[in-house]
Amino acid sequence: MLPAPFIEPFSPPRRILMGPGPSDVYPEVLAAQSKPTIGHLDPLFVGMMDELKSLIQYAFQTTNEMTLAVSAPGSAGMETCFVNLVEPGEKVIVCRNGVFGERMRQNVERVGGIAVVVDNEWGEAVDADLVASALVANPDAKFLAFVHAETSTGALSDAKALCALAKQHDCLSIVDAVTSLGGVELRVDEWGIDAIYSGSQKCLSCVPGLSPVSFSPAAVEKLKARQTPVQSWFLDQTLVMGYWDASSDGKRSYHHTAPVNALYALHESLRLLAAEGLELAWQRHADMHQVLRHGLQRLGLRFVVTEADRLPQLNAVYIPEGIDDAKIRKQLLENYNLEIGAGLGALAGKAWRIGLMGYGARRENVALCLKALEEVLA
């Protein structure tokens, strides 16, 4: 028998998280997660799930019945949408203007779909005219997939206009709202979004590991009309909804052991969002972005994204010539307990990503970030 290792309890430092995620977690959310664990079919827990569903509906601004939290991070929320809706041989218009649009393309191909890619430069919003041309050229397309807020660049696309295009061409829309939910305007029902997914660790300021998703009635109809089984048993929403929604006799079917304490945390996070008010939360993110923007520009830092297409909660700026990316981020972490993000993909080594998400979007964080950057860059 191997000897038992002696390991001290893990004690993480208190960081200030101003990268692309995870964001700073609300103290109340951390406290909620530490509450006693009860069974995932306990009547009290089931009642909490009903409240959680209504809170997710509020955050998404939808009345969709098929609205829930996937027991896995946002990447699983993405896969949930694609494996449930796209069947082999079906054509999907995929908008790619960063890392996460490319991940959408990979999901389409992994389920046997045909991806027709509409490319925009990194740092640009999705061009609706290019999408319209692709839809005209592919009248047999079944879906339009795009990222609302591209986390790799900080670009915000016009979800309302893109979903209207999808409707005009009888396509269902699949939308990545991982970084947008709770941080910028998002109206699922009003904009006609058919399938949407997000993550708990961005503007909701919850612990990582959960993915709110929602399917419109049209998306549910498409799911029910599938000719082939859903590729993933775990993510099959026809099975999962038996757990999230009671049957006619009031019973819920066992599907998997839900992450009970993590769902406590999401419940509290969304409760705090509802208490603040969705539109006030959107405005807070916009206000803090303006304060940060002025400070970064005073330091001579240039934004990757033009102001018209810029996401307030994810600020990508070019690294000045001659500055060591990793060295600066290491100094911020070691001297200020401050985390900012490195660039991804085409922006690796060329840009920093500074997050203003959820609980982290507050004035004292902005002031610290600007002062710390000023000192380390000097």
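The residues of the chain are indexed from 1 along the displayed sequence. This one's a predicted model, so the numbers in the text were calculated from it and none came from an experiment.
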Exercise: identify the closest heavy-atom pair between Pro139 and Val136: CD-O, 3.6 Å
Student check: side-chain heavy atoms of Ser23 and Ser205 closer than 4.5 Å: yes
Derivation of the side-chain contact (heavy atoms from CB on, under 4.5 Å) call for Met104 and Asp176: CA-CA 9 Å; Met104 283 183 149; Asp176 178 322; 3.8 Å; yes
ILVMFWY cluster, Tyr26 and Leu270 together (side-chain gap under 4.5 Å): no
Flag side-chain contact, heavy atom, 4.5 Å: Tyr264 against Val260: yes
Donor-acceptor contact below 3.5 Å, side chain His285 vs main chain Gly358: yes
Hydrophobic cluster membership, Leu347 vs Leu373, 4.5 Å side-chain cutoff: no
Sidechain-backbone polar pair: Asp24 side chain, Tyr359 backbone, donor-acceptor under 3.5 Å: no
Presence of salt bridge, Lys167 and Asp194, under 4.0 angstrom: yes
Test item: Thr153 side-chain N/O and Ala155 main-chain N/O as donor-acceptor pair under 3.5 Å: yes
Side-chain heavy atoms of Pro20 within contact of Leu314, under 4.5 Å: yes
Expected output: side-chain Glu364 to main-chain Arg362 donor-acceptor under 3.5 Å: no
Check: Ile323 and Pro320 side chains under 4.5 Å, non-hydrogen atoms: yes
Gap separating the CG atom of Leu333 from the CD1 atom of Ile340, nearest 0.5 angstrom: 10.0 Å
Criterion salt bridge (charged side-chain N to carboxylate O under 4.0 Å, His left out) on Lys222 and Glu90, from CA distance to verdict: CA-CA 12 Å; Lys222 173 70 170 71; Glu90 291 185 329; 3.1 Å; yes
Check: Ser157 side chain, Val126 main-chain N or O, donor-acceptor pair, under 3.5 Å: yes
Side-chain heavy-atom pair Gln61, Leu278 within 4.5 angstrom cut-off: yes
Shortest non-hydrogen contact from Arg105 toward Ala115: CG-CB, 3.8 Å
Met66-Phe143 co-clustered via ILVMFWY side chain contacts under 4.5 Å: yes
For the student: nearest non-hydrogen atoms of Thr151 and Arg353, plus distance: O-NH1, 3.0 Å
Cluster overlap Leu292 with Val317, hydrophobic side-chain contacts below 4.5 Å: yes
Closest non-hydrogen atom pair, Ser253 against Leu239: OG-O, 4.4 Å
Residue pair Lys53, Glu65: steps toward the salt bridge (charged side-chain N to carboxylate O under 4.0 Å, His left out) verdict: CA-CA 9 Å; Lys53 177 177 175 176; Glu65 277 301 308; 3.2 Å; yes
Glu276 and Arg284 ion-paired at < 4.0 Å: yes
From CA spacing to verdict: side-chain contact (heavy atoms from CB on, under 4.5 Å), Leu356, Met18: CA-CA 6 Å; Leu356 281 176; Met18 295 187 68; 3.7 Å; yes
Residue pair Ser216 / Ile193: nearest heavy atoms and the distance that separates them: CB-O, 3.9 Å
Approximate separation, where rounding is to 0.5 Å, of Gln297 CD and Leu299 CG: 10.0 Å
Over 12 foreign heavy atoms within 6.0 Å of CD, Glu121: no
Intermediate values then yes/no, salt bridge (charged side-chain N to carboxylate O under 4.0 Å, His left out), Arg271 and Glu268: CA-CA 5 Å; Arg271 192 193 67 79; Glu268 180 62 13; 2.8 Å; yes
Residue Arg187 excluded, over 12 heavy atoms near CZ under 6.0 Å: yes
Stepwise side-chain contact (heavy atoms from CB on, under 4.5 Å) check, Trp352 with Ile328: CA-CA 10 Å; Trp352 291 316; Ile328 292 295; 3.6 Å; yes
Flag, side chain of Glu102 to backbone of Val99, donor-acceptor distance under 3.5 Å: no
Pair Thr62-Trp191, side-chain contact (heavy atoms from CB on, under 4.5 Å): steps then yes or no: CA-CA 10 Å; Thr62 184; Trp191 295 354; over 6 Å; no
Asn84 (side chain) donor-acceptor with Leu235 (main chain) under 3.5 angstrom: yes
Atom CD of Glu221: over 12 foreign heavy atoms under 6.0 Å: no
4.5 Å side-chain heavy-atom contact, Leu263 and Met48: yes
Atom CZ of Arg302 with >12 non-hydrogen neighbours under 6.0 angstrom: no
Within 45° cone and under 6.0 Å: Arg310 NZ/CZ vs Phe303 ring: yes
Sidechain-backbone polar pair: Ser269 side chain, Leu204 backbone, donor-acceptor under 3.5 Å: yes
is_close_aromatic(Phe234, His256), centroid dist under 6.0 Å: yes
Path from Met288 to Leu272 over hydrophobic side-chain contacts below 4.5 Å: no
Identified ring-ring contact (aromatic ring centres under 6.0 Å, His included) counterpart of His40 within the set Trp244, Tyr254, Phe45: Tyr254
Greater than 12 external heavy atoms within 6.0 Å of Arg15's CZ: yes
Check: Thr238 main-chain N/O paired with Asp236 side-chain donor or acceptor under 3.5 Å: yes
Worked verdict on Glu28 versus Lys35 for salt bridge (charged side-chain N to carboxylate O under 4.0 Å, His left out): CA-CA 11 Å; Glu28 298 94 329; Lys35 291 178 179 177; over 6 Å; no
Contact summary for Ser198 and Leu181, nearest pair of heavy atoms: OG-CB, 3.3 Å
N/O donor-acceptor pair under 3.5 Å between Gln313 side chain and Thr179 backbone: yes
